[in-house]
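Worksheet for the structure shown next.
Proteins come first, then strands; the chains are lettered A, B, ... in the order of their sequence lines, and each starts at number 1. Basis for what follows: all heavy atoms, side chains included, without hydrogens, waters or symmetry-related copies.
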Amino acid sequence: MKKFFLKLAIAFLWLLFALIGLSYFWLPSGAVIQNIDFVLMKPSWAHIFGTDVLGRDLFLRVLVGGRISLWIGLFSALLSSLFGFTYGAFSGWYEGRADKILMRGCELFMAVPSFVLVAVLCLSLESLLPFENPDVRTFVGLCFGISATHWMSLARVTRGLVLEYKRRPFVEAAIALGGTRGHIVLHHILPNIKKTLLILVALQIPTTILYESFMSFVGLGVHPPFASWGILIRDGWRSLSSFPHLLLFPSLVLFLTVWSFHIVLDWVGGRADQRANQKI
Amino acid sequence: MIQIFFKFILKKVFELGGSLLLLASFCFLLLKLLPGGPFDEEVSLNPLVKENMIQHWGLQESTISQLGHYLISLLKGDWGLSMASPDQTVLAIIYRGLSHTLSLSLVTLLFAVLGAFGIAFLAVFYRDKWVEVFIDQVLICLLSLPSLFLGPVLIYIFGFYFNLLPVAFLNSPSHYILPVASLGLRPLSLLARILKSSLLENLNADYVRTAQAKGVGNFKILSRHVLRNSMIPFLSYSGMLIAFLLSGSFLVEMLFAIPGLGSQFITSISDRDYTMVVGLALFYGILLIVMNALMDFGITMVDPRMREKA
């Protein structure tokens with residue numbers, strides 16, 4: 001059963017990425033053009049997810065929305081991991097008072113419900129960023145806002161690992177040979193803790209994808225002419241009682257994406273554990 | 001025991017009072033960066049009236065002096081009036097919404113913790129059988145069910161299709177079922193996974209074999225030895241869980257039309273109601289810190305090694 005689900009998850013992710021990739025090169029006009037003859041149709045063979053209030057094909061809309069959702073998810077996961085790693089490595093390397101202050105900062109961020117921070121950060125970043133295009137501003141604002149609240153766990157883990165590896169003989173040797181701090185952390189410690197960190201980074205992706213949808217749903221994320229899964233779910237939510245397919249399909253795709261990520265990561269994590277056990 | 005508890009609280013209060021002031025100023029400054037002010041409404045006010053309002057709230061001063069005034073009044077215990085509805089204090093508005101948010105969060109927490117215990121025990125009891133594999137898969141499924149998906153789908157299935165359960169407000173026990181399910185299933189699966197893995201880890205530990213060799217009963221081994229050790233990661237996660245629940249309740253309150261703090265926050269932020277937003281952020285901070293302190297206290301109670309450290 002486990003194998004079957006894993007295959008299913010991998011197949012779904014491939015299909016999703018392939019279709020979204022394809023949509024960059026070739027997109028039928030049904031995704032953008034509004035057509036009054038096709039308004040609010042139930043799912044059929046011509047429109048497998050049905051059509052929305054403005055007669056656009058929902059399947060294509062979900063693909064177009066997936067672009068934004070996935071990009072924001074990936075970017076925020078990367079950004080937050082980068083920040084978390086730097087923060088944690090700093091704090092682990094310099095121990096003592098600096099470490100204490102940095103970890104207090106970490107706790108402070110954990111003490112605010114993330115939504116409060118993201119909402120305020122996104123909105124203020126949107127107005128501050130120097131980009132002309134408002135869509136780019138929203139995109140970057142969301143990425144920064146989301147990553148500002150998701151770096152803490154990675155920072156803590158990195159700190160612990162750096163603290164642990166600092167005492168290893170090979171690091172002491174590198175210090176004795178006169179290696180600079182940045183060099184030692186990046187070239188001696190990082191290769192050793194890479195695997196653990198990569199899984200954590202990958203685990204951020206489903207979380208950030210969900211967060212983006214959540215923000216767009218509440219109305220503080222991407223704005224309506226633009227599509228993202230959150231926006232599509234928001235549109236569907238408004239007409240839930242009479243046209244449930246508008247809500248069902250986008251949220252099903254969101255669920256399947258997050259589920260596939262979890263299944264695949266669970267498998268990768270399990271394998272990494274096994275390998276570690278064999279080595280010992 | 002009570003002494004340890006009070007020492008703990010006092011230490012936490014002093015440590016985190018500073019952090020809270022920092023948090024308040026951080027939110028205040030960020031809010032000032034937002035475009036627009038509390039008096040830019042769709043129906044534009046008479047410029048003279050607007051001028052008067054700005055004078056009244058002291059918004060013409062520099063941001064730093066406004067922040068200073070705010071922090072000083074905060075230290076005096078005065079959270080100010082809401083700018084959007086100036087006949088009410090911020091604290092009164094928080095107090096009104098609090099009962100809904102708190103009861104929803106607590107019921108959900110109870111549901112998640114009890115459910116996690118049940119499921120984890122079931123999985124451990126039937127370990128290495130198909131039941132465990134099945135539970136594992138269900139837990140992963142639940143883990144990827146966000147309230148954004150679960151809420152609307154549950155509302156459609158139980159509210160509209162079968163017309164079984166009420167879908168809005170929190171008036172009677174049956175009103176709680178859908179919001180709690182859509183908010184609590186994800187934390188439940190997270191907790192169950194943590195508890196299950198730590199239970200399995202501890203069941204293979206040497207001290208369990210020793211206890212068995214001494215002839216201690218199975219139930220006693222589980223309750224006295226294994227459970228106690230497995231509670232530590234569980235409790236330290238529960239603190240984070242509360243933050244998760246409070247954040248998640250924003251969405252659930254919106255979906256189920258519950259007049260709690262979350263919906264209040266969303267309206268205040270779009271109204272640029274400065275005092276209200278900062279007040280709410282601060283209140284959430286205090287709530288989380290108190291909850292985290294309670295969890296820490298729980299850990300020290302369970303784990304004697306931590307007690308010595310404290």
Side-chain angles (χ1 to χ4, degrees), chain A residues 1-2 4-5 9 104-105 107-121 123-128 149 152-153 206-207 209-211 213-214 216-220 229-230 233-234 236-237 240-242 244 247-248 250-252 254-263 265-266, chain B residues 15-16 18-20 22-23 26-27 29-36 130 133-134 136-137 140-141 143-153 155-157 159-161 239-240 242-251 254-255 262 265-266 269-270 277 280-281 284-289 292:
Chain A
M1 190 157 73
K2 235 175 179 167
F4 171 70
F5 279 132
R104 230 339 97 64
E107 269 171 27
L108 181 64
F109 267 87
M110 281 177 142
V112 198
S114 52
F115 177 70
V116 175
L117 209 67
V118 177
V120 176
L121 262 178
L123 287 174
S124 51
L125 276 175
E126 252 186 83
S127 60
L128 275 184
T149 49
M152 286 85 79
S153 58
T207 320
I209 290 178
L210 274 182
Y211 220 94
S213 311
F214 168 46
S216 300
F217 183 87
V218 175
L220 297 170
W229 287 339
I233 295 175
R234 179 188 168 87
W237 167 243
L240 179 65
S241 54
S242 20
L247 176 99
L248 209 63
S251 48
L252 202 64
L254 177 70
F255 161 64
L256 280 176
T257 312
V258 176
W259 175 77
S260 312
F261 268 111
H262 276 305
I263 291 268
L265 288 173
D266 209 53
Chain B
E15 268 179 11
L16 293 162
S19 318
L20 281 176
L22 210 67
L23 169 68
F26 186 62
C27 280
L29 291 177
L30 273 179
L31 271 180
K32 289 283 166 193
L33 295 176
L34 295 188
W130 67 271
V133 179
F134 178 71
D136 271 351
Q137 294 304 317
I140 289 196
C141 248
L143 197 64
S144 15
L145 277 176
S147 28
L148 188 59
F149 173 80
L150 215 51
V153 169
I155 288 178
Y156 182 70
I157 294 175
F160 292 130
Y161 200 80
M240 271 166 70
I242 291 162
F244 180 87
L245 283 183
L246 286 177
S247 287
S249 71
F250 282 98
L251 186 69
M254 199 173 148
L255 288 176
F265 184 81
I266 292 173
I269 206 166
S270 41
V277 174
L280 274 173
Y284 273 120
I286 293 174
L287 207 60
L288 279 177
I289 282 166
N292 272 329

*asked:* If you apply the rule side-chain contact (heavy atoms from CB on, under 4.5 Å), what do you find for B:Ile155 with A:Trp237, and how did you get there?
replied: CA-CA 10 Å; B:Ile155 288 178; A:Trp237 167 243; 3.5 Å; yes

*Non-hydrogen atoms of chain B under 4.5 Å away: do they reach the side chain of A:Trp259, the backbone, both or neither?*
both

_Largest heavy-atom contact set with chain B, pairs under 4.5 Å, which of A:Thr257, A:Val118, A:Asp266_ = A:Asp266

*asked:* Can you give me the closest heavy-atom contact between B:Phe265 and A:Ala119, atom names plus distance?
replied: CE2-CB, 4.3 Å

_Run the ring pair (Phe, Tyr, Trp, His ring centres under 6.0 Å) test against B:Tyr156 and tell me which residues pass, sequence neighbours left out._
none

*Quick check: are there more than 12 heavy atoms from other residues, nucleotides or ligands sitting under 6.0 Å from CZ of B:Phe134?*
no

*Return the minimal non-hydrogen interatomic distance between B:Val153 and A:Leu247, and the atom names on each side.*
N-CD2, 4.4 Å

_CD1 on A:Ile263 to SG on B:Cys141, rounded to 0.5 Å_ = 7.0 Å

*With sequence neighbours excluded, tell me which residues meet side chain to side chain contact (heavy atoms under 4.5 Å, CB included) with B:Leu251.*
A:Phe214, A:Phe217, A:Val218, B:Ser147, B:Leu148, B:Leu255

_Need one label for A:Leu240: side chain, backbone, both or neither, based on atoms under 4.5 Å from any heavy atom in chain B._
both

*Name the region of A:Leu256, side chain, backbone, both or neither, that has any atom closer than 4.5 Å to a heavy atom of chain B.*
neither

